[in-house]
Amino acid sequence: MSFSHFEVLDKKRFVGRSTVTNNKLEMSGAGKIPSLWKEKNEGSQIALYSNYESDEYGTYTFSLGSFTEHQPEQSTLNVITIPASTYAVFVSRRGLVEEVVLETWQEIWTWDKKSLRTYTGDFEVYDHIMDQKNAQVAIYVAVKD
């Protein structure tokens, strides 16, 4: 699959665990994202990319958690608010989770409308009960109206 549609969403509050990284580090095999996935709670369904330094080449905050209306009970969790935005929604094919996520991001990085990206907050939505070998992921990329 791939680019699916545009969707307008209201401001969202996210609660979860975070780390600061960049794509170069993540592609080197020494990235921080895999260890954060190992710590995730069973309820985690959202992977959020926020606080971009610039574009896909700069640093960003990667977080795992969920969208919520409530303040977190645990002080170890980060609260991140992403603004209301229009999103380009990309839906991966079904397959091994690591492969389909990377393939979909590679498409986003070469998307003919990538100049529309705002880098205000992008997120991945995973199947409620994710089958690692038959996963399908929807990636929401914030774009200009």
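The figures that follow rest on heavy atoms only: side chains count, while hydrogens, waters and symmetry mates do not.
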- Item | Those residues that, when tested against Y60, pass side-chain hydrogen bond (donor to acceptor under 3.5 Å, both in side chains) (two or more places apart) | N23
- Task: Name all residues meeting the side-chain hydrogen bond (donor to acceptor under 3.5 Å, both in side chains) criterion together with T21; count only those two or more places apart in sequence or in a different chain, and write none if there are none.
- Result: E26
- Message: Run the side chain to side chain contact (heavy atoms under 4.5 Å, CB included) test against E69 and tell me which residues pass, sequence neighbours left out.
- Response: none
- Message: Suppose we screen for salt bridge (charged side-chain N to carboxylate O under 4.0 Å, His left out). Which residues come up paired with E56, at least two apart in sequence or across chains?
- Response: K114
- Task: With the side chain counted from C-beta on, respond yes when R117 and I108 share a heavy-atom pair under 4.5 Å apart, and no when they do not.
- Result: yes
- Give the C-alpha distance, both sets of side-chain angles, the deciding distance and a yes or no for side chain to side chain contact (heavy atoms under 4.5 Å, CB included) between R17 and L36. CA-CA 8 Å; R17 300 191 188 289; L36 201 59; 3.9 Å; yes
- Task: Apply side-chain hydrogen bond (donor to acceptor under 3.5 Å, both in side chains) to S63 and list each qualifying residue two or more places apart in sequence or on a separate chain.
- Result: S18
- Query: Looking only at heavy atoms, which two atoms of V100 and A135 are closest? And how far apart?
  - Reply: CG2-O, 4.0 Å
- Is the distance between the ring centroids of Y49 and Y119 under 6.0 Å? no
- Message: Under the salt bridge (charged side-chain N to carboxylate O under 4.0 Å, His left out) definition, can you give me all pairs with a residue in residues 6-16, not counting sequence neighbours?
- Response: none
- I82 side chain near F67 side chain, heavy-atom distance below 4.5 Å: yes
- Would you call F14 and N78 a side-chain contact if the rule is heavy atoms closer than 4.5 Å? no
Side-chain donor-acceptor pairs of residues 138-145 under 3.5 Å, sequence neighbours excluded:
{"unit_1": "D145", "atom_1": "OD1", "unit_2": "T86", "atom_2": "OG1", "d": "2.5"}

- Among D122, T118, T59, the one residue meeting side-chain hydrogen bond (donor to acceptor under 3.5 Å, both in side chains) with Y52: D122
- Non-hydrogen side-chain atoms of V91 and Q136 separated by less than 4.5 Å: yes
- Pair Y126-V101, side chain to side chain contact (heavy atoms under 4.5 Å, CB included): steps then yes or no: CA-CA 10 Å; Y126 289 85; V101 170; 3.6 Å; yes
- Message: Tell me every residue that passes salt bridge (charged side-chain N to carboxylate O under 4.0 Å, His left out) with E103, counting only those two or more places apart in sequence or in another chain.
- Response: R93
- Out of curiosity, does V20 fall in the hydrophobic cluster containing L64 (side-chain heavy atoms, cut-off under 4.5 Å, transitive links)? no
- Message: When you compare the side chains of E107 and S2, does any donor N or O come within less than 3.5 Å of an acceptor on the partner?
- Response: yes
- Query: Where do L25 and K32 land on the side chain to side chain contact (heavy atoms under 4.5 Å, CB included) test, with the steps shown first?
  - Reply: CA-CA 8 Å; L25 179 64; K32 300 176 180 181; 4.2 Å; yes
- Message: Which residues pass the side-chain hydrogen bond (donor to acceptor under 3.5 Å, both in side chains) test with T68, not counting sequence neighbours?
- Response: none
- Message: Can you tell me how far apart NZ (K38) and CD1 (I33) are? Round to the nearest 0.5 Å.
- Response: 13.0 Å
- Item | Partner set under ring pair (Phe, Tyr, Trp, His ring centres under 6.0 Å) for F90, not counting sequence neighbours | F3, W111
- Taking the six-membered ring for Trp, is the centroid-to-centroid distance between Y57 and W109 below 6.0 Å? no
- Partners of S50 by side chain to side chain contact (heavy atoms under 4.5 Å, CB included), sequence neighbours excluded? L48, T61, I80
- Identify whether W37 and L96 are in the same connected component of the hydrophobic contact network (ILVMFWY, side-chain heavy atoms under 4.5 Å). no
- More than 12 heavy atoms from other groups under 6.0 Å of NE2 on H5: yes
- Item | V8 vs Y87 side-chain heavy atoms within contact, under 4.5 Å | no
